[in-house]
There are 4 protein chains.
Amino acid sequence: MGGTMDGTKQQRRGNTRQRIQDVALELFAEQGYEKTSLREIAEHLDVTKAALYYHFKTKEEILVSVFEDLTQPIEDLIEWGRQQPHTLRTKQEIVRRYSDALTGAAPLFRFMQENQATVRELRIGDTFKDRMRGLREIIIDPDASLTDQVRCISALFTLHAGMFVMQDVEGDAEEKRKAVLEVAIDLVTQADRGTPAA
Amino acid sequence: MGGTMDGTKQQRRGNTRQRIQDVALELFAEQGYEKTSLREIAEHLDVTKAALYYHFKTKEEILVSVFEDLTQPIEDLIEWGRQQPHTLRTKQEIVRRYSDALTGAAPLFRFMQENQATVRELRIGDTFKDRMRGLREIIIDPDASLTDQVRCISALFTLHAGMFVMQDVEGDAEEKRKAVLEVAIDLVTQADRGTPAA
Amino acid sequence: MGGTMDGTKQQRRGNTRQRIQDVALELFAEQGYEKTSLREIAEHLDVTKAALYYHFKTKEEILVSVFEDLTQPIEDLIEWGRQQPHTLRTKQEIVRRYSDALTGAAPLFRFMQENQATVRELRIGDTFKDRMRGLREIIIDPDASLTDQVRCISALFTLHAGMFVMQDVEGDAEEKRKAVLEVAIDLVTQADRGTPAA
Amino acid sequence: MGGTMDGTKQQRRGNTRQRIQDVALELFAEQGYEKTSLREIAEHLDVTKAALYYHFKTKEEILVSVFEDLTQPIEDLIEWGRQQPHTLRTKQEIVRRYSDALTGAAPLFRFMQENQATVRELRIGDTFKDRMRGLREIIIDPDASLTDQVRCISALFTLHAGMFVMQDVEGDAEEKRKAVLEVAIDLVTQADRGTPAA
DNA sequence: TATGAATGAGATTTCATTCAT
DNA sequence: TATGAATGAAATCTCATTCAT
């Protein structure tokens with residue numbers, strides 16, 4: 001009516017690739033990588049399986065492309081971290097930024113966390129491991145005591161846990177996020193002091 | 001004839017069920033549940049797939065049986081926890097005992113952690129979730145601040161992280177375990193101090 | 001009637017593997033390897049595709065197994081040839097025996113001849129090439145003139161041609177076979193004399 | 001603008017059709033017809049699959065067009081042969097000319113020889129068969145003995161074999177060609193002497 | 001206590017082909 | 001003279017499961 005085309009199929013123009021990525025990530029996160037078939041993805045998009053193969057060479061490639069798009073901020077964070085002095089302030093900032101990065105790509109990280117066994121065998125497995133190592137390197141002081149090293153790792157993991165496990169705890173989402181961040185920052189702070197809070 | 005049997009097949013006597021569980025857990029943990037086929041398990045055991053079906057009704061049942069056998073200690077721990085007073089000393093003991101339970105069934109927990117997406121859809125998914133909730137209930141004080149609640153969860157998660165992520169950190173295994181335990185106990189301790197009671 | 005079972009499905013007992021090989025070779029020879037699908041083979045046998053995979057690991061394996069079964073006589077012939085003196089009488093006997101071997105596995109050789117491009121990329125490609133080289137070695141005198149070497153190769157090829165091209169020539173099958181054999185023997189004979197028939 | 005075009009894409013001007021034929025033949029000969037996909041051809045030419053469909057209606061049509069272009073000399077040869085007297089001299093000349101024709105379109109004939117099963121089902125299959133029959137008719141004397149008929153067919157086949165099998169024999173290419181031709185001429189010569197007329 | 005033989009469902013992937021632009 | 005986007009059909013292969021023996 002009024003000249004514009006019916007919207008049903010129209011919006012599919014030029015953005016199919018993006019839509020595939022979106023739906024795939026959603027389903028991968030919900031059901032796991034292996035249990036999500038290309039048939040299912042295609043049906044959700046109302047295209048044929050073959051259309052997926054026009055945009056991506058393999059199933060794995062869909063995941064890889066999503067991964068690369070969404071983890072760029074973490075790559076950047078590591079890059080930034082490497083160029084900062086190894087001060088407490090830096091570490092605290094890393095934790096803060098990491099928390100943001102996680103929030104920005106929550107479904108992907110949920111997926112990575114819940115499908116580690118699968119991811120390990122995929123091409124992104126190594127990339128992910130590298131990134132985790134990078135994060136550890138910029139936040140851990142190799143001369144610190146083992147206990148303090150554990151604190152730093154625990155800080156990172158607390159952020160991870162915060163995203164998923166915390167869903168089962170009652171409370172306002174934003175407040176929970178803040179509480180999680182506080183605990184994580186506490187941990188790196190204690191690690192820096194070389195001793196738990198006095 | 002008239003002598004002792006050849007040892008090759010001999011030890012397989014009557015314990016096939018157990019051997020299936022062992023091999024299955026090993027492969028599940030290594031490759032993930034979906035990527036591990038019954039053919040593969042059977043080949044590792046040098047029996048036919050059909051033999052697996054003599055001992056277990058379905059693939060899922062193999063996992064269920066392993067799960068039930070190995071998580072009994074945690075069930076017991078929760079039971080014990082419920083009957084203790086909600087003191088700091090109790091919480092510290094829970095952390096200590098949980099650390100032991102995890103160590104005793106490391107491959108299973110590695111599996112559970114790395115295959116959450118899969119597990120969620122399986123029969124053990126709910127059981128596992130229940131158990132996690134049980135653990136939270138005996139370690140978290142519902143009146144505590146959100147931050148302190150996070151600390152308790154973080155303590156549990158630190159133990160988990162300790163089992164897997166810590167592999168990449170250098171240091172003696174036993175020392176690392178102790179460091180991890182120390183940080184976890186620290187966390188519940190801080191959480192306790194934070195409560196109004198203090 | 002009379003107590004014995006209905007034959008329809010009964011004969012399928014224990015010989016499915018052989019039946020797969022038979023039908024596969026028939027279809028491969030008739031339509032080519034690529035154009036023959038496993039679905040087609042399965043339908044001809046009234047089993048499911050999966051049944052084929054119980055007996056053979058891949059489509060290629062079906063062909064390989066047929067090839068290995070049917071070309072044993074040629075392998076044997078080469079072995080025999082290597083242990084004979086390089087006399088004219090030997091070469092004539094080789095031609096005679098080769099003719100027999102070809103006749104005994106006509107459909108396979110028809111297939112090999114008509115699907116060379118495909119076969120080259122398959123696992124049997126190299127084996128086949130080796131065998132052809134073996135044949136050349138036992139029939140060609142490396143010191144002979146190029147022309148005489150060509151005569152020997154031509155003899156072998158005449159036998160091949162005889163199996164397929166000759167179908168279009170009218171005449172009694174057995175007589176044609178004899179005529180082909182005669183020409184082939186003529187060729188090696190001339191090659192031996194070091195000069196064409198005077 | 002105002003200069004000569006960059007050469008990279010320039011030569012592609014107007015001759016795309018020819019380039020498709022060239023690349024297609026090359027790939028068909030190398031890998032076989034079925035194993036060569038239009039995607040592959042298009043990639044080699046750095047155009048899209050759809051571009052192929054601008055120039056040819058189907059995959060088969062590409063092959064047909066190549067076939068028709070390259071086998072014209074043989075068509076001509078048959079035409080010529082039909083108008084000559086059935087003398088030995090004629091037959092020798094046919095062999096010579098056929099050898100030339102084969103050499104001029106070697107990749108096509110290699111393809112035809114190695115993909116007979118495929119070709120048989122294609123539109124060119126019948127055409128090819130007709131041509132072969134034509135060749136037989138002008139070179140075979142229907143009153144000759146079966147043996148002599150075989151000799152003539154063997155002569156043609158020797159030329160074919162010469163193009164491919166001979167690659168594995170050492171020696172100078174041109175010399176080998178001559179040797180092959182000599183044997184083929186020998187064969188028709190002997191066939192002629194065998195006829196009652198002698 | 002196991003095996004041999006098979007199945008039905010479904011997965012990923014490839015292909016020739018089409019059509020609006 | 002081409003391309004970008006898509007399709008329908010089909011292929012190879014894998015898997016959990018069943019059942020007579």
Side-chain angles (χ1 to χ4, degrees), chain A residues 9 12-17 20 34-42 45-62, chain B residues 9 12-17 20 34-42 45-62, chain C residues 9 12-17 20 34-42 45-62, chain D residues 9 12-17 20 34-42 45-62:
Chain A
K9 282 241 167 186
R12 164 176 317 164
R13 256 280 204 41
N15 60 349
T16 304
R17 198 189 137 92
I20 293 171
E34 332 253 3
K35 295 261 278 194
T36 303
S37 70
L38 296 183
R39 178 184 51 69
E40 215 174 347
I41 297 176
L45 291 167
D46 200 29
V47 289
T48 61
K49 275 175 290 166
L52 305 184
Y53 279 91
Y54 175 77
H55 293 281
F56 299 94
K57 266 212 291 279
T58 63
K59 183 183 181 185
E60 190 173 345
E61 264 245 322
I62 300 180
Chain B
K9 283 235 168 191
R12 167 175 317 166
R13 261 285 211 50
N15 61 350
T16 303
R17 197 188 138 92
I20 292 172
E34 329 255 3
K35 294 260 280 197
T36 303
S37 68
L38 294 184
R39 177 180 55 66
E40 216 174 345
I41 296 175
L45 291 166
D46 204 28
V47 290
T48 59
K49 269 182 295 172
L52 305 184
Y53 279 90
Y54 176 80
H55 294 281
F56 298 95
K57 267 216 293 276
T58 65
K59 182 184 181 185
E60 190 173 346
E61 266 247 320
I62 300 179
Chain C
K9 282 242 167 185
R12 164 175 318 163
R13 254 285 202 35
N15 60 349
T16 303
R17 198 190 138 92
I20 292 172
E34 332 253 3
K35 295 261 280 193
T36 303
S37 69
L38 295 183
R39 179 183 52 69
E40 215 174 347
I41 297 176
L45 291 166
D46 201 28
V47 289
T48 60
K49 276 174 291 168
L52 305 185
Y53 280 92
Y54 176 76
H55 293 282
F56 299 94
K57 266 213 290 277
T58 63
K59 182 184 181 185
E60 189 173 345
E61 265 244 322
I62 300 181
Chain D
K9 284 237 168 189
R12 166 176 315 166
R13 259 286 210 52
N15 59 351
T16 303
R17 197 188 138 93
I20 293 172
E34 330 255 1
K35 293 260 279 196
T36 302
S37 68
L38 294 185
R39 178 179 56 64
E40 216 174 346
I41 296 176
L45 291 166
D46 204 28
V47 290
T48 59
K49 270 183 294 173
L52 305 184
Y53 278 90
Y54 176 79
H55 293 281
F56 299 94
K57 265 216 292 277
T58 65
K59 183 185 181 184
E60 191 173 347
E61 267 247 319
I62 300 179

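Residue numbers begin at 1 in each chain, while the letters A, B, ... track the order of the sequences.
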Return the value, rounded to whole Å, for the distance between atom [atom1] of [X] and atom [atom2] of [N].
| X | N | atom1 | atom2 | answer |
| --- | --- | --- | --- | --- |
| C:K57 | F:dC15 | NZ | P | 13 Å |
| C:I41 | F:dA11 | CD1 | P | 11 Å |
| A:F56 | F:dA6 | CZ | C1' | 15 Å |
| B:K49 | F:dT17 | NZ | P | 11 Å |
| D:L45 | F:dA2 | CG | C1' | 13 Å |
| C:N15 | E:dG4 | CG | P | 17 Å |
| B:K35 | F:dA16 | NZ | P | 13 Å |
| D:L52 | F:dG4 | CG | C1' | 15 Å |

Within the structure, does a side-chain N or O atom of [X] lie under 4.0 Å from either OP1 or OP2 of [N]?
| X | N | value |
| --- | --- | --- |
| C:T58 | F:dC13 | no |
| D:T48 | F:dA2 | no |
| C:R39 | F:dT12 | no |
| D:Y54 | F:dA2 | no |

I'd like to check the side chain to side chain contact (heavy atoms under 4.5 Å, CB included) partners of D:E60; sequence neighbours left out, ordered by chain and number. D:Y33, D:T58, D:V64, D:L122, D:R123
Got a sec, which residues hit side chain to side chain contact (heavy atoms under 4.5 Å, CB included) with D:A50, two or more places apart in sequence or on another chain? D:T48
Can you give the dot-bracket line for DNA chain E, using ( ) for pairs inside the strand, [ ] for pairs that cross earlier ones, | for pairs with another strand and . for unpaired bases, where Watson-Crick and G-U count if both distances are under 3.5 Å? .||||||||||||||||||||
From the set [options], return the single nucleotide nearest to any side-chain atom of [X].
| X | options | value |
| --- | --- | --- |
| D:A51 | F:dA2, F:dC13, F:dA16 | F:dA2 |
| A:H55 | F:dA5, E:dT12, E:dA16 | F:dA5 |
| B:Y53 | F:dA6, F:dC13, F:dT18 | F:dT18 |
| D:A50 | F:dA11, F:dG4, F:dT17 | F:dG4 |
| A:L38 | F:dT12, E:dT13, E:dT7 | E:dT13 |

Which pair of non-hydrogen atoms, one from D:L38 and one from D:K59, has the smallest distance, and what is that distance? CD2-CG, 3.8 Å
Could you report the tightest heavy-atom contact between C:E40 and C:K35, atom names first, then the distance? OE1-O, 3.7 Å
With rounding to the nearest 0.5 Å, note down the distance linking CG in D:L45 to OG1 in D:T16. 8.0 Å
Is the shortest side-chain heavy-atom distance between D:I20 and D:V47 below 4.5 Å? no
Find which nucleotide of DNA chain E each of A:E60 and D:T36 is nearest to by heavy atoms, and output the residue with the more 5' nucleotide. A:E60
Would you please name every residue forming a side-chain hydrogen bond (donor to acceptor under 3.5 Å, both in side chains) with C:E61, sequence neighbours left out? none
In terms of the nearest nucleotide of DNA chain F, which residue is placed more toward the 5' end: C:E40 or B:E34? C:E40
Salt bridge (charged side-chain N to carboxylate O under 4.0 Å, His left out) involving B:R39 - partner list, sequence neighbours excluded: B:E43
